[in-house]
Amino acid sequence: MSQVLRCPAPAKINLFLHVIGRRADGYHLLQSIFRLVDWCDEITLEARPDGRIERAQAIPGVAESDDLTMRAARLLQQVSGTDRGVTIRVDKVLPMGGGIGGGSSDAASVLLALNRLWQLGLRRSELMALGLQLGADVPFFLFGRDAFVEGIGEQLRPVDLAPAWYVVLAPHVSVPTPRIFSDPELTRNTPPIKMPDFAASTTRNDLESVVRLRYPEVDRAIRWLEQFSPARMSGSGSCIFAQFPLECDALHVVAQCPVEWTAKCVQSLPVHPLRAWVDD
Ligand code: C5P
């Protein structure tokens with residue numbers, strides 16, 4: 001097998017996100033639909049025989065100790081006992097602190113790729129358990145398809161959604177997730193819904209009102225996008241999105257986006273591009 005693997009790490013959007021409670025350890029109990037979209041970071045991994053785990057280049061603003069790709073590789077190396085190492089290069093495309101899962105997806109793609117590169121033979125459920133140690137959103141990307149998500153992000157059930165086009169708008173504000181979850185204004189008692197009901201339920205992102213309050217730029221961006229189609233925040237922001245019936249409708253909106261923000265036309269992905277890299 002080749003000693004170099006290149007792989008994408010796709011983004012997600014949260015079609016809704018309800019906070020239904022809080023665990024004793026401070027983590028929040030959620031209900032959400034996570035959807036994969038075709039906007040990706042690019043990761044290159046090169047196996048090395050000396051056992052070292054290194055970055056090919058620094059990611060601006062991300063210390064190596066916080067870099068989830070490094071932490072994913074070290075965790076897998078430690079758990080598997082392999083004597084092999086890797087050099088990891090991340091070509092960052094996705095906005096950071098954007099609520100579209102870039103860092104979590106990078107970590108998931110590293111786990112999937114190293115399981116292959118180091119020929120470890122771990123199964124999907126084993127990688128998902130490791131992923132959860134890195135972050136609550138990581139198991140979703142290892143699950144590899146659109147999901148109704150509960151718990152803190154580790155209980156996943158597949159959902160079938162019609163293909164769709166979206167505009168994802170990044171307002172160039174980085175929102176720290178812990179700050180939003182710990183905000184006194186956050187409501188944490190949305191009544192739970194049953195999965196088959198979600199289409200009929202009136203859903204929202206419970207984190208959105210707090211982010212709009214603390215980050216007025218996000219509020220402005222939502223009001224701008226709402227001129228064209230109902231807009232909502234993804235995750236803990238700052239990215240927002242709106243659905244459009246046709247690609248050309250989405251592109252038309254992207255073309256009008258004010259220069260201070262970044263807008264991208266994306267399509268839903270039927271499955272994660274690396275889903276078949278690991279056995280169930
Ligand atoms: O798991 P992850 O590192 O992505 O989460 C970042 C932070 O977001 C956590 O430290 C926690 O403060 C908050 N969080 C939460 N409940 C969740 C997910 C994240 O409170 N279900």
Side-chain angles (χ1 to χ4, degrees), residues 9-36 41 59 61-76 90 92 94-111 127-143 147-157 173-193 195 198 203-215 218 232-239 272:
K12 58 85 175 164
I13 53 176
N14 296 95
L15 298 191
F16 69 87
L17 196 160
H18 292 172
V19 180
I20 64 167
R22 198 179 201 178
R23 294 199 316 201
D25 65 1
Y27 264 80
H28 290 78
L29 297 169
L30 311 175
Q31 287 190 318
S32 182
I33 297 273
F34 280 56
R35 175 155 232 198
L36 293 162
D41 285 339
I59 305 173
V62 183
E64 186 169 320
S65 54
D66 294 335
D67 185 335
L68 274 188
T69 63
M70 292 287 104
R71 292 179 47 207
R74 295 210 167 98
L75 180 64
L76 192 60
V90 180
K92 205 72 200 156
L94 302 173
M96 294 191 278
I100 56 172
S104 302
S105 185
D106 294 348
S109 287
V110 165
L111 291 176
L127 292 184
M128 286 172 67
L130 292 180
L132 186 60
Q133 296 181 39
L134 300 165
D137 290 350
V138 180
F140 162 72
F141 291 101
L142 297 161
F143 185 68
F148 181 66
V149 177
E150 295 183 281
I152 64 163
E154 81 292 8
Q155 296 168 27
L156 300 128
R157 276 183 279 173
V173 185
S174 183
V175 177
T177 304
R179 172 166 179 200
I180 301 309
F181 274 110
S182 61
D183 197 289
E185 293 290 323
L186 178 66
T187 55
R188 302 177 170 86
N189 59 355
T190 294
I193 57 172
M195 181 169 127
F198 79 82
T203 60
R204 66 190 163 275
N205 181 337
D206 282 329
L207 308 179
E208 184 179 308
S209 58
V210 175
V211 175
R212 293 177 80 159
L213 188 68
R214 307 288 180 219
Y215 298 85
V218 176
R232 184 171 279 186
M233 199 177 76
S234 180
S236 58
S238 62
C239 284
H272 191 292

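Ligands are counted one by one from 1 in listed order, and the atoms in each one are counted from 1 as well.
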If you compare Thr177, Leu207, Ile180 by their heavy atoms, the one closest to atom 6 (C) of ligand 1 turns out to be Thr177
Going by the closest heavy atom to atom 7 (C) of ligand 1, which one wins out of Gly101, Ser236, Pro178? Pro178
Using 4.0 Å as the upper bound for N to carboxylate O, is an ion pair formed by Arg74 and Glu64? yes
salt_bridge(Arg188, Asp206) N-O dist < 4.0 Å: no
Distance to 0.1 Å, residue and atom name: give those for the protein heavy atom nearest to atom 10 (O) of ligand 1. Tyr27 OH, 3.8 Å
Going by distance only, is there an N or O of His28 that falls short of 3.5 Å from an N or O of ligand 1? yes
Evaluate Ala136 for polar contact with ligand 1, using N/O atom pairs at a separation under 3.5 Å. yes
Step by step, would you call Thr203 with Arg232 a side-chain hydrogen bond (donor to acceptor under 3.5 Å, both in side chains)? CA-CA 10 Å; Thr203 60; Arg232 184 171 279 186; 3.1 Å; yes
What part of Leu30 sits under 4.0 Å from ligand 1 if we count only heavy atoms: the side chain, the backbone, both or neither? side chain
Structural part of Phe181 in contact with ligand 1, heavy atom criterion under 4.0 angstrom: side chain
Do Gln31 side-chain atoms and Ile193 backbone N/O form a donor-acceptor pair below 3.5 Å? yes
So, the side chain of Asp41 versus the backbone of Leu94: is there a donor-acceptor pair under 3.5 Å, distance only? yes
Measuring from the heavy atoms of Gly26, does anything fall under 4.0 Å of ligand 1? yes
side-chain hydrogen bond (donor to acceptor under 3.5 Å, both in side chains), that's the test. Do His28 and Arg23 meet it? Break it down for me. CA-CA 6 Å; His28 290 78; Arg23 294 199 316 201; over 6 Å; no
Would you call the rings of Phe141 and His272 parallel, tilted or perpendicular, taking 30° and 60° as the class edges? perpendicular
Short list, please: which atoms of ligand 1 are under 4.0 Å from a heavy atom of Gly135? 1 (O)
Give the numbers and elements of all ligand 1 atoms closer than 4.0 Å to a heavy atom of Ile152. 21 (N)
